[in-house]
Every structure is written in structure tokens, then in C-alpha cells.
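First comes the structure, then the notes that go with it.
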Amino acid sequence: MKTAWQEGNHIQLLENGDEYYPALFDAIDNAQSKVILETFIWFEDNVGRRLHAVLLRAALRGVDVQVLLDGYGSHGLSDDFVSELTSAGVAFRYYDPRRPLFGMRTNLFRRMHRKIVVIDNKLAFVGGINYSAEHMSDYGPEAKQDYAVRVEGPVVDDILKFELENLPDHAQTRRWWQQRRRYHAAENRHPGEAQALFVWRDNDDHSDDIERHYLKMLSSAKREVIIANAYFFPGYRLLHAMRNAARRGVRVKLIVQGEPDMPIVKVGAELLYNYLLKGGVQVYEYRRRPLHGKVALMDAHWATVGSSNLDPLSLSLNLEANLIIHDRTFNQTLRENLNGIIANDCQRVDETMAPKRTWWNLAKNVVVFHFLRKFPAMVGWLPAHTPRLSLVTAPVQPEIETQDRVTSEKSEVKP
């Protein structure tokens, strides 16, 4: 499948679960024929139960409801919770579920990390927000800062087509002798307003589409770039493009986690501070709470919101999806939000906060940058088994041994 820039869309930025969940739940309650929902995490907490309730209502009134969850991120849902949905007719699937080994989850790599909802053929949601109470601002200090978009218009047809083509009945298996195609990043030949492009990353024909759009954006920037990304440890090409943009006079701002949910995230980002600061990139640590957003903007029109982090998992292993937007009003809304975060909740990183220039740190940086140059090839060595989709049949979840061996992204191959 190949998509193109679509005109005439209405796109609304949604910040955190406070804005996202009411908009989504209302849309599901008004669905007439179809709801397709896929996500990385669905917890059985107050937010998860609200989602359960609206999907159940939709299924009971005859709406075709399809759910796809990641087997790693959403492994903890109870049998009763799931079976109430499947008994009502919900098609409920797990992506690559596996039994724990010595109490540990082994399906660490090649996760289904997308967060997409399509309702009927007229409305879609794309972003980085999962279904858990920690995305609500009243959760406390650990509440996550995140974003999604609500979109109506022609681009919804592309998102729906993508979803339908990846349902089990339509997924195609690629044979080992069939060559993988490489799609060029779609160009916006007639830039205007209310334009949108749906892009995704898989382990097949679209293995680096999202990264290439970031690279193209950085090379095209004239005045300003703002990137807010929760898990920032990209490849060398993207780091080099950020420095190049800053050196030619573009104001490049990077917002990363200052209060991360996983300490290793900050350690990885800090190793890059000296390289970025020396190149003129402005780096800010978001200190209010954990940052979970994956958004960016460029100049006066370009923006993106989605599920893709800028780290090895998202760029080389996970299944991801972003919406790229060309619209002055949306760009300005996102800019005001991010600049407000920078002004009120961030600390600007200076050389005193970067790792000291010692022989030990120099050696670490050399290792890090050699890794960043090579990691897309290196991750290809990681397990590249064929993930399975497990269809949950009522009333309870099936045993792993009886799962369907159907893929959701055609057949996984090494990137």
C-alpha cells in the first residue's frame, strides 16, 4: 500500500488523556458501522474500564468492533474483562503473545506500538496515547505528557485502507524469494492548508519511512524546528541532520525527558548532549512529569504526531504510525503548546549539565556514535521470527499453542 498527501482534512490536536479520552469515547458511542482500534497498552484500570464500556455498547448495538493489542504491552488483561467483549462479538486479537519464561516476558522486540482508531469511514485518531490512568493529569507526578490527533477528511480513507489490508483475512505472506520494495517519501508537490499524509513503519516495505520524513523535514527547514520526543536516541543520520540545520541558521529545539519513567532514557540522551550543543541545537529537559509525546514541527506549516519515538526500537524494530500535517493553524497550535512547555516546565541544557569531557566519557561517546552509525544493521540480528496474531474466542483467552499463525504486517523479515 502507498499513500499520498490528502487535502481538505480537519485535524484537531488532543493533549493528554484529559482531551483524548472524552473525544474518542464520544466518537465510539456514535459509531454506526465499524470501530477498529489498535494500541500498545490497555490496562484494566478506570480508563481501561471506560474504554471497555464504550466498545461493549458499540458491539451490542451491532457495530463491527475489531481490537488489536500488543502481546507485550497489554498482557495483563483478565479473562473476564476480555471474554465480556468477545461474547458480545468483538474481534479481539493479540499481536505476538507469548508465555513468560521464568516469570519474564520474552516478546521484547518487534512490538505492535501503533495507537490508531478508525470509526466508520469518516473519523480517525492517531497518536501516542495508550489506555491507562497514567495519561490523565490527575494521576499525580507520574502522569505522562502526550499527544494525539482527531482527524476527519480524505486521509481517513488511507488510514482505514491500511487497517483493512492488515486484518488477518487480508494480510499477505511474502515469500523468501520476493524482493522487498522501497517506497520514496511522498512529496507534497502543492503545499497548502489542511493537508495530511499517513505514514507507518513496518519490517517490510516501509522499514524507514518515518525516519526519512524527519530527515527530509530537517533538510528543508528554513527558520525553526521543534522536536519533542520521549525516548531520544536516534541514528547518526538524524543527529547529523539536526546539527546541519542548526549550523545553517535554523533554530532547532529538542525537548527530552528530564523526569523519565525509565532512568536509562536520560542516560542515553545525555550521551548526545555535547554533540548536539556544540552544533548549536537547543536542548531542553522537560521536568514537570514524564514526557511520552512523539511530536515535531517545522517552520510555519509542517508538523507530525504519532507513536514513533526516535530510538532504536521505534526506528528499526517496532510497528509504528504517524500523521504528517501541513497546515498553518495546526502548526501554530502545536508550537504554542511546545513553547509553553519550554517556558514553564523545562530546563535548558548547557555545557555544565552535559557529561564532563574526560577520557572515559570520550571513550563512551566514541562507542555510542559507532553504535548509532551501525544500529539499523545491528538490530537486524535480533530475533526476526514471524509474530502471530491470536484471535481470542469467547468466553476465555485461548492457550498459546492454539493461536492462529497469521501476521498483521504481512511476514516479518529482517530489516
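Using modelled atom types, one finds a donor on one side chain and an acceptor on the other under 3.5 Å when comparing D350 with T352.
Between the side chain of E193 and the main chain of R328, a donor-acceptor pair closer than 3.5 Å is present. Distance alone, capped at 3.5 Å, places no donor-acceptor pair between the N9 side chain and the Q195 backbone.
Judged as a salt bridge (charged side-chain N to carboxylate O under 4.0 Å, His left out), and not counting sequence neighbours, the contacts of D64 are K34. With sequence neighbours left out, the salt bridge (charged side-chain N to carboxylate O under 4.0 Å, His left out) criterion links E38 to R114. Checked against side-chain contact (heavy atoms from CB on, under 4.5 Å), K216 has the following partners two or more places apart in sequence or in another chain: E187, S220. For Q332, the side-chain contact (heavy atoms from CB on, under 4.5 Å) partners at least two apart in sequence or on another chain are R335, E336. Every residue two or more places apart in sequence or in another chain was checked for a ring pair (Phe, Tyr, Trp, His ring centres under 6.0 Å) with Y139, and none qualifies. Under the rule for a side-chain contact (heavy atoms from CB on, under 4.5 Å), the partners of H52 that lie at least two apart in sequence or sit in another chain are W42, L56, F81, E84, L85. Applying the side-chain hydrogen bond (donor to acceptor under 3.5 Å, both in side chains) criterion to Q12, with sequence neighbours excluded, gives no partner residue. N30 pairs by the side-chain contact (heavy atoms from CB on, under 4.5 Å) definition with D26, not counting sequence neighbours. Checked against side-chain hydrogen bond (donor to acceptor under 3.5 Å, both in side chains), R348 has no partners two or more places apart in sequence or in another chain. Partners of D120 by side-chain hydrogen bond (donor to acceptor under 3.5 Å, both in side chains), not counting sequence neighbours, listed by chain and number: S33.
For the pair R243 and Y275, the cation-pi test (distance below 6.0 Å, angle within 45°) is passed.
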Derivation of the side chain to side chain contact (heavy atoms under 4.5 Å, CB included) call for M136 and D18: CA-CA 6 Å; M136 297 293 294; D18 305 67; 4.0 Å; yes
Apply side chain to side chain contact (heavy atoms under 4.5 Å, CB included) to residues V295 and L334 and explain how you reach the verdict. CA-CA 9 Å; V295 301; L334 182 58; 4.3 Å; yes
Please lay out, stage by stage, how R287 and D345 fare under the test side chain to side chain contact (heavy atoms under 4.5 Å, CB included). CA-CA 6 Å; R287 295 295 185 90; D345 302 311; over 6 Å; no
Derivation and outcome, side chain to side chain contact (heavy atoms under 4.5 Å, CB included), residues I28 and L51: CA-CA 9 Å; I28 294 174; L51 175 60; 4.2 Å; yes
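Between H135 and N16, the closest side-chain pair of non-hydrogen atoms is not below 4.5 Å. Side-chain contact between N130 and K115: present, with at least one pair of heavy atoms (C-beta onward) separated by less than 4.5 Å. S307 is listed as a side-chain neighbour of E320, based on a closest heavy-atom distance under 4.5 Å.
Rounded to the nearest 0.5 Å, atoms CD1 (I255) and CG (N339) are 7.5 Å apart. Going from atom CG of L310 over to atom CG of L254 covers 8.5 Å, rounded to the nearest 0.5 Å. Distance check, rounded to the nearest 0.5 Å: CG of L319 to NE2 of H206 gives 12.0 Å. The structure places OH of Y214 at 5.5 Å from CG of N229, a figure rounded to the nearest 0.5 Å. The line from CZ of F233 to CG of L272 is 5.5 Å long, rounded to the nearest 0.5 Å. Going from atom CZ of F40 over to atom CD1 of I129 covers 15.5 Å, rounded to the nearest 0.5 Å.
A salt bridge (charged side-chain N to carboxylate O under 4.0 Å, His left out) check over residues 127-141, counting only residues at least two apart or in different chains, returns nothing. Pairs engaging residues 146-164 under the side-chain hydrogen bond (donor to acceptor under 3.5 Å, both in side chains) rule: Q6-D158, Q145-Y147, D146-H292, Y147-N337, R150-E152 [sequence neighbours left out].
By the 30° and 60° cut-offs, the orientation of the rings of Y72 relative to H75 is tilted. Ring geometry, H326 versus W5: the interplanar angle exceeds 60°, so the pair is classed perpendicular (tilted spans 30 to 60°).
Here the options are I36, L164, L37, the test is side-chain contact (heavy atoms from CB on, under 4.5 Å), and the partner is Q66; only I36 passes.
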